> 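To start, I am sharing the structure in question, which I have written as C-alpha cells.
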Amino acid sequence: MSTEQTFIAIKPDGVQRGLVGPIVSRFEQRGFKLAAIKLVTPPRELLEKHYADLAEKPFFPGLVTYMLSGPICAMVWEGRDAVKTGRTLLGATNPLASAPGTIRGDYAIDVGRNVCHGSDSVENAQKEIALWFKEGEVVSYKHSQFDWIYEKA
C-alpha cells in the first residue's frame, strides 16, 4: 500500500475563529496520520512563493495581505490518497459551492475567507511541505491505528 502526504493550512480566519481543533479532528476521524503541525506567521516571501501560480491574478496582493494578517496552522497529513481525500474533506474553493459536511461547507461563506488551503496534487504537496517545513520537522512513525484503518494487501 502506498501512502502519500498532503499539506493543509488553516488560514488566519480559521485560526481566529477557533476552528483548529474541529479541523484537526476531521482529518483524524477520517484515519489520516498527523506528521507535522505548527502555528506560524509566515514571512511575505514564503507566501509569495506558495501562491506564485496566482501572482498575475488581480486578487493576489489582497490574498498575501490577508494571509499575513494572523497566524496560520500549517500541517502535514499522511495516508492513502491523502491529497485527493484531503481536498474532498475541505470542499470546493468557493464555500457556497461546498457540500454540507465538508470543512468549507460547514464553516465558511466567502471564497476569500475559506478557512483552509489544501494541496491540489502530490507534486504540489511535496513542494508545499518543503516550503513550510524544515528537514526533521515532518515526523515518520507508524500510526497505532494503522491496522484498524487499512486492510492488509
Side-chain angles (χ1 to χ4, degrees), residues 1-57 59-60 62-134 137-140 143 145 149-150:
M1 184 205 77
S2 66
T3 62
E4 61 190 32
Q5 293 181 330
T6 191
F7 175 74
I8 302 291
I10 303 174
K11 296 178 181 181
D13 58 316
V15 173
Q16 292 292 336
R17 293 175 56 203
L19 298 175
V20 173
I23 291 167
V24 167
S25 290
R26 300 259 184 126
F27 282 86
E28 288 179 326
Q29 289 168 358
R30 181 64 183 215
F32 288 111
K33 177 177 75 172
L34 182 62
I37 187 170
K38 63 182 175 180
L39 192 65
V40 296
T41 303
R44 178 177 296 276
E45 297 77 31
L46 185 147
L47 293 168
E48 288 174 348
K49 284 181 188 174
H50 180 87
Y51 288 113
D53 61 320
L54 303 174
E56 301 304 316
K57 301 286 186 182
F59 60 82
F60 180 76
L63 172 62
V64 172
T65 299
Y66 156 66
M67 293 296 285
L68 289 167
S69 70
I72 294 167
C73 182
M75 302 175 284
V76 178
W77 289 94
E78 186 175 308
R80 184 181 297 153
D81 291 323
V83 172
K84 180 182 174 187
T85 306
R87 303 260 313 163
T88 300
L89 288 171
L90 292 180
T93 301
N94 182 345
L96 296 178
S98 293
T102 64
I103 291 167
R104 291 175 178 147
D106 290 348
Y107 299 128
I109 295 172
D110 283 340
V111 70
R113 299 291 184 268
N114 66 359
V115 180
C116 284
H117 165 85
S119 300
D120 62 2
S121 69
V122 173
E123 297 76 25
N124 282 339
Q126 292 168 347
K127 289 178 194 172
E128 291 169 353
I129 291 166
L131 186 63
W132 287 82
F133 290 92
K134 296 175 187 157
E137 289 184 321
V138 178
V139 179
S140 179
H143 198 278
Q145 298 176 5
I149 295 168
Y150 299 106

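Bear in mind the structure is a predicted one, so any value in this text is a computation, not a measurement.
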> Is there side-chain contact between Leu96 and Ile109, with heavy atoms separated by less than 4.5 Å?
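They are in side-chain contact.
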> So which of Lys33, Glu78, Glu28 actually passes side chain to side chain contact (heavy atoms under 4.5 Å, CB included) with His143?
Lys33
> Could you report the tightest heavy-atom contact between Ala82 and Phe32, atom names first, then the distance?
CA-CE2, 3.6 Å
> Would you say Pro95 and Arg113 make side-chain contact, with heavy atoms under 4.5 Å?
no
> Would you check if Phe27 and Ile103 make a side-chain contact, meaning some heavy-atom pair closer than 4.5 Å?
yes
> Report the C-alpha separation of Phe133 and Phe7 in whole Å, then their side-chain angles, then the decisive distance to 0.1 Å, and conclude whether the side-chain contact (heavy atoms from CB on, under 4.5 Å) test is met.
CA-CA 10 Å; Phe133 290 92; Phe7 175 74; 3.9 Å; yes
> Below 4.5 Å, heavy atoms only, C-beta onward: do Ile72 and Lys11 meet side chain to side chain?
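Of all side-chain heavy-atom pairs linking Lys11 with Ile72, none is under 4.5 Å.
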> Pairs of donor and acceptor atoms involving the side chains of residues 39-57, under 3.5 Å and at least two apart or interchain, shall be tabulated with distances.
{"residue": "His50", "atom": "ND1", "partner": "Trp132", "partner atom": "NE1", "Å": "3.0"}
{"residue": "His50", "atom": "NE2", "partner": "His117", "partner atom": "NE2", "Å": "3.4"}

> Run the numbers on Tyr66 and Asp13 for side-chain hydrogen bond (donor to acceptor under 3.5 Å, both in side chains), then give the verdict.
CA-CA 9 Å; Tyr66 156 66; Asp13 58 316; 2.2 Å; yes
> So, taking the atom named CD1 in Ile10 and the one named CD in Gln16, what distance separates them when rounded to the nearest 0.5 Å?
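With rounding to 0.5 Å, CD1 (Ile10) is 12.5 Å from CD (Gln16).
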> Between Tyr150 and Gly79 (side chain of the first, backbone of the second, donor and acceptor by atom type, cut-off under 3.5 Å), is there such a pair?
no
> Of all heavy-atom pairs between Ala92 and Arg104, which one has the smallest distance, and what is that distance?
O-CD, 3.1 Å
> Would you find a donor on one side and an acceptor on the other, under 3.5 Å apart, between the side chain of Ser25 and the backbone of Gly21?
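Yes, Ser25 side chain to Gly21 backbone: donor-acceptor pair under 3.5 Å.
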> Is the shortest heavy-atom distance from the side chain of Ile129 to the side chain of Val138 under 4.5 Å?
yes
> Where do Ser119 and Ala125 come nearest, in terms of heavy atoms and distance?
OG-CA, 3.3 Å
> Between atom CH2 of Trp77 and atom OG1 of Thr6, what is the distance when rounded to the nearest 0.5 Å?
11.5 Å
> Specify the closest pair of heavy atoms between Val115 and Ile23, including all atoms of both residues, with the distance to one decimal.
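So the two residues come closest at CG1-CD1, 3.5 Å.
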> Which residues satisfy the side chain to side chain contact (heavy atoms under 4.5 Å, CB included) test with Val139, sequence neighbours excluded?
Tyr141
> Give a yes or no on whether the backbone of Thr65 and the side-chain of Ser69 come within a donor-acceptor separation of less than 3.5 Å.
no
> Report yes if the side chains of Val83 and Asp81 come closer than 4.5 Å at any heavy-atom pair, otherwise no.
no
> Is there a side-chain contact between Thr93 and Asn114 (heavy atoms, below 4.5 Å)?
yes
> Test Asp106 against Arg26 for salt bridge (Lys or Arg N to Asp or Glu O under 4.0 Å), laying out the working first.
CA-CA 12 Å; Asp106 290 348; Arg26 300 259 184 126; 2.7 Å; yes
> Quick check: do Pro12 and Met67 have side-chain heavy atoms less than 4.5 Å from each other?
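When only atoms from C-beta onward are counted, Met67 and Pro12 do touch, with a gap below 4.5 Å.
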> Taking side chain to side chain contact (heavy atoms under 4.5 Å, CB included) as the definition, give me every residue that meets it alongside Ile37, ordered by chain and number, with sequence neighbours left out.
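In terms of side chain to side chain contact (heavy atoms under 4.5 Å, CB included), with neighbours along the sequence ignored, Ile37 is linked to Val24, Leu34, Cys73, Met75.
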